[in-house]
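Residue numbers start from 1 in every chain, and the chains themselves are labelled A, B, ... in the order their sequence lines are given, proteins ahead of strands. Quantities reported herein were computed from a predicted structural model and do not represent experimental measurements.
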Amino acid sequence: MSKSSSDSKDFLRTIVEQDLKSSKYAEVVTRFPPEPNGFPHIGHAKSICINFGIADDYAGHCNLRMDDTNPTTEDTKYVEALKDAIEWLGFEWEGNVRFTSDYFPKIYDYAVELIKMGKAYVDSTDEEEMRELRGTVKEAGRRSKYAERSIEENLDLFEKMKNGEFKDGEHVLRAKIDMTAANMKMRDPLLYRIRHAHHFRAGDAWCIYPMYDFAHGLSDYIEGVSHSICTLEFENNRDIYNWVLDTLGLTLPRPYQHEFARLGINYTVMSKRKLLELVDGGQVSGWDDPRLPTIAGYKRRGYTPESILSFCDGIGIAKANSMVDVAQLEFSIRDDLNTKVPRVMCVLDPLKVTIGNYEGSEELDASYYPDDVPKEGSRILPFSKEIYIERDDFMENPPKDYFRLTPKQAVRLKHAYIITFKEVIKDADGKIVEIKAVYHPESKSGLDTSGIKVKSAIQWVEAKTAKRVEVRLYDRLFKEEAPEGVEDINPDSLKVIKNALIEPAVITDKPDVRFQFERQGYFYADPIDYTDEKPVFNKIVGLKDSWNKKEKKKAKESTSKSQEKKVQIDGEVVPMSEVQQKLYDKYTTELGLNSEVANTLARDETLSNFYYESLNLSEPSPNPVGLANMVSNEVARELKEKSLDALKFNPIQIGALTKMVENEIISSKIAKQVFEEMVKTGENPTQIVEDKGLVQISDPSKIAPIIDEVMEKNPDNVAKFRAGNTKLLGFFVGQVLKATGGKANPKVVNTLVNEKLK
RNA sequence: UGGGGUAUCGCCAAGCGGUAAGGCACUAGUUUUUGGUACUGGUAUUCGGGGGUUCGAAUCCCUCUACCCCAUCCA
């Protein structure tokens, strides 16, 4: 499926692959879990592609689940829109559509279980007080007095909540976690709230509803989901996700949550709120307005599902917040349609041309597809002395790189004859109303013997047979790259042309619903407003237009962008405490450490203790500088993740490791390898070196032949190096090291390679 | 008492100590009865900044900076 030529995988697929390989899960199960409270947009499409795509790639399956835990915002019409979107994109969900509301009984039972474990309580403080007690990001919160309620009381209250004995907001069920947690989400999060509201599916069966954080993980678990993929803003929620499952003792195979960056596209908005604003405010015609980034909008505009899929495939998946250029989307649809749709001729802004020397009429046979599109099909093109061409395709005083019709320049009528200008006719205001021209009979398309060279072939329609059509030209909805709201709307995002002229075959033969109007762009017969009497076409996307681009560039040539470099400001460093300063001084003066290493060590008590022990207990004692480097780099890394007593190696072993490097028994590269082994097993470095035979090779006579071999295998790079590409030195050293399993002394290799390549 | 993320070309994005992938955009040329397509080239001495470790750093360590997310009884 994934046709991307590189073997690089996104980070999610990497995780899935590892989990499958380690048999963490027998099968990958994902889910697409929207809340049915709005129309899906292209951001959802990305999520759909990820969840269904991963399931497909690894022979698993993907569920569609409506996360319907909030009865006041959700509706079944959104459920239908969501289902439509997925089907349109060509994916199939496993089994029936799932609903979180189907799991309400189970989720309720889990809540009761938590209460029985003393891990949840009914809180009766009002909203305002609760907010106050929660604290702020910089201050710890305090627990409500109701947290002291007995299990029995909680059980009783919770049941009464369920039975509808309380009003909205009177009580909530909360998890008992930690009101002082640095992660705000963990300060006794709400599990259930009372809501006497009609649920679009569950009806009035419930008056308490579980919160997202409680319902989501459990629903995933109930469905046997393995990888719960969501967007970045839920990173903080991952702790609760895990807390719920862990606390309830729900073990593997249980789902784990992974987050990716949501999609942003420039010149549009993606948030439900802003989209709703546009629809409600009448800025657009509805959820399916072709200018909207909704799936319904793209569908109405004429985008193909394939193009959306290839777009999603092209943008990749990562964790960096990003804003994709619309040009990327436009490329996807052009690229898709180019090989698919028939080319026809349509004139948007007609200018009459009368061909003085042509009499009668004829029918030309014209292929729908250019030579480079391997498709068959043609239509009849009527021709006579009266035709229309695009107003843009004639210029009285053209710039010198203008290729179209001018008083001095002939032009070909696509699929027909070459014409030459005779006369221009203007009205009282000086506006051109007609061109008089002559044609060259021997220049007929395909049978041209005229020998006339023209620079371009333009589209045209025959006056009597052309059909009048409405064409809707869409441009970006916003004029700002990162629009805030309605104030940034592009006033010219929709241009309606009522009287465009199109060749008759398009209307009578209907060879397709999507067309390329030659030299203009891709268009789509509007699925709703189109009738045979009044055909309507939507512009999907324009063709790339290097002429137009050139003109525009000329127009704003002096718009010089001041490419200012970002100036980095160095912030203030926290000053050292007295003890740290003393340590620092000792390190730099007595032991001769450089300031950076001394700084790292002095500021970290655990690290400096480790260093101290290693320096004093190791026998024979290693060079303090080398040891400090080892500790402040390698050991520091391990200590970032683990606590001191979780480390498998001890200071004395590190001393021994350093000593080996000092004595040149092993290279520093090998030392890293040995260190890694020590991290895993806690074995002595000398033992590891002995077991694996890692003693370094420094004998030039042993290394030289390997270098020769490498040079022989890479003649290109040898040449490049000799031509001055000195950074290839690293390449050669790397290759030699690889050949020796890393054992060659890199210093020796370096000098040898340098000599040989000179 | 703050915490969690992120930073590689104009825009996406690979890369996980040994030659800075790829796509879009841009650009030059070839082909062309679409100023389209296709094809061939050109586009990062450098990876947010500064230090350090190393023979060798986008990758390891320290530090600074910028941006995003979190204090809904929303999801």
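Among the nucleotides B:G18, B:U19, B:G3, the one closest to the side chain of A:N236 is B:G3. Out of B:A14, B:U6, B:A75, the shortest distance to the side chain of A:A318 is found at B:A14. For A:M130, whose side chain is taken as the heavy atoms from C-beta onward, the closest listed nucleotide among B:C55, B:C73, B:C61 is B:C73. Nearest to the side-chain atoms of A:K747 among the listed nucleotides B:G5, B:C55, B:C61 stands B:C55. When distances run from any side-chain atom of A:M184 to the nucleotides B:A71, B:G3, B:A7, the shortest one goes to B:A71. Of all nucleotides listed (B:C73, B:G5, B:C68), B:G5 comes nearest to the side chain of A:K319. Relative to the side chain of A:R238, the nucleotides B:G5, B:A71, B:A75 differ in distance, and B:G5 lies closest. Across B:C68, B:A71, B:U19, the shortest atom-to-atom separation from the side chain of A:L728 is found for B:U19. Distance from the side chain of A:V172 is smallest to B:C73 among B:G18, B:G23, B:C73. Comparing atom distances between the A:N237 side chain and each of B:C68, B:A75, B:G5 picks out B:A75 as nearest.
A donor atom on one side chain and an acceptor atom on the other are not found under 3.5 Å apart for A:S445 and A:H415. A donor-acceptor contact closer than 3.5 angstrom is absent between the side chains of A:N745 and A:S667. Residues A:R31 and A:S228 bring a donor and an acceptor atom of their side chains to less than 3.5 Å of each other. Side-chain contact of A:E662 with A:N623: a donor-acceptor pair under 3.5 Å is absent, judged by distance alone. A donor atom on one side chain and an acceptor atom on the other are found under 3.5 Å apart for A:D188 and A:Y121. Between the side chains of A:Q580 and A:R603, not a single donor N or O lies within less than 3.5 Å of an accepting N or O. A donor and an acceptor atom, one from each side chain of A:Y522 and A:Q516, are located under 3.5 Å apart.
Heavy atoms of A:Y209 sit nowhere under 4.0 angstrom from any nucleic acid atom. No engagement by A:K738 is indicated, since no non-hydrogen atom pair under 4.0 Å with the nucleic acid exists. Backbone-only engagement by A:M211 is indicated by non-hydrogen atom pairs under 4.0 Å involving sugar-phosphate atoms exclusively. At the heavy-atom level, A:T69 lies under 4.0 Å from the strands shown only through sugar-phosphate atoms. Among the atoms of the strands shown, only primed sugar atoms or phosphate atoms (P, OP1, OP2) are found under 4.0 Å from some heavy atom of A:E233. Within the 4.0 angstrom heavy-atom criterion, base atoms lie near A:G730. Among the protein residues, A:V324 comes within range of the sugar-phosphate backbone only, with heavy atoms under 4.0 Å from sugar or phosphate atoms but none that close to a base. Heavy atoms of A:N717 sit under 4.0 angstrom from at least one base atom. Residue contacts for A:G314: at a heavy-atom cut-off of 4.0 Å it reaches no nucleic acid atom on any strand shown. As judged by a 4.0 angstrom heavy-atom cut-off over every strand, A:T125 is placed among the base-contacting residues.
With its glycosidic angle more than 90° from 0, B:U27 is assigned anti.
The separation of B:C61 from B:U54, taken at their C1' atoms, amounts to 12 Å, rounded to a whole angstrom. Across B:C47 and B:A21, the matching C1' atoms stand 14 Å from one another, rounded to whole Å. Rounded to a whole angstrom, the distance from the P atom of B:U8 to that of B:G49 is 10 Å. One P atom belongs to B:G42, the other to B:G23, and the distance between them is 12 Å to the nearest Å. As rounded to the nearest Å, B:A7 and B:A14 have P atoms that lie 9 Å from one another. Going from the C1' atom of B:G36 to that of B:U30 covers 16 Å, rounded to whole Å. A distance of about 16 Å separates the C1' atoms of B:G15 and B:C60, rounded to the whole Å. If you take atom C1' in B:G48 and the same atom in B:C68, they sit 15 Å apart, rounded to whole Å.
A donor N or O paired with an acceptor N or O is not found under 3.5 Å between the base of B:G2 and the side-chain atoms of A:E139. A donor-acceptor contact under 3.5 Å is formed by the side chain of A:N750 with the base of B:C55. For a distance-only test at 3.5 Å, the side chain of A:K727 fails to qualify as a donor-acceptor partner of the base of B:G18.
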Letter by letter from the 5' end, nucleotides 32-42 of chain B scores (B base, S sugar-phosphate only, - none; protein heavy atoms under 4.0 Å) -BBBBB-----
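B:C26: Watson-Crick or G-U partner is B:G42, with both key distances under 3.5 Å. Judged by Watson-Crick or G-U wobble contacts below 3.5 Å, the nucleotide B:A75 has no partner. Under the Watson-Crick or G-U wobble criterion, with both distances below 3.5 Å, B:A7 is paired with B:U65.
Between A:K640 and B:C62 there is a side-chain N or O to OP1 or OP2 distance below 4.0 Å. Between A:R131 and B:U72, a side-chain N or O to OP1/OP2 separation shorter than 4.0 Å is present.
Inter-residue side-chain proximity for A:C207 and A:R195 is flagged as unmet; no heavy-atom pair is nearer than 4.5 Å.
Protein atom NE2 of A:H196 is 18 Å distant from nucleotide atom P of B:C73, rounded to whole Å. Atom CG in A:N725 sits roughly 14 Å away from atom P in B:U46 (whole-Å rounding). The CG-P distance, from A:D168 to B:C73, rounds to 14 Å in whole Å. Remark: C1' of B:G51 and CG of A:N633 are 12 Å apart, rounded to the nearest angstrom. Taking atom CD1 on A:I240 and atom C1' on B:G3, their separation rounds to 13 Å, with Å as the unit. What separates CD1 of A:I315 from P of B:G23 is a distance of 17 Å, to the nearest Å. Taking atom CG of residue A:D239 and atom P of nucleotide B:G2, one finds them 19 Å apart after rounding to whole Å. Atoms OH (A:Y267) and P (B:C11) sit 12 Å apart, rounded to a whole Å.
For residues 727-753 of chain A, there are no salt bridge (Lys or Arg N to Asp or Glu O under 4.0 Å) pairs, not counting sequence neighbours.
Results of the salt bridge (charged side-chain N to carboxylate O under 4.0 Å, His left out) test with A:D123 over A:R193, A:R187, A:R174 single out A:R174 as the only residue that passes.
The residue among A:D67 and A:T600 whose nearest nucleotide of RNA chain B is located toward the 5' end is A:T600. For the pair A:N599 and A:L729, both in contact range of RNA chain B, the more 5′-proximal nearest nucleotide belongs to A:L729.
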Can you check ring pair (Phe, Tyr, Trp, His ring centres under 6.0 Å) on A:F234 and A:Y212, steps first, answer last? CA-CA 11 Å; A:F234 292 100; A:Y212 166 85; 5.0 Å; yes
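Annotation: A:F158 is in aromatic contact with A:Y192 [ring centroid separation under 6.0 Å].
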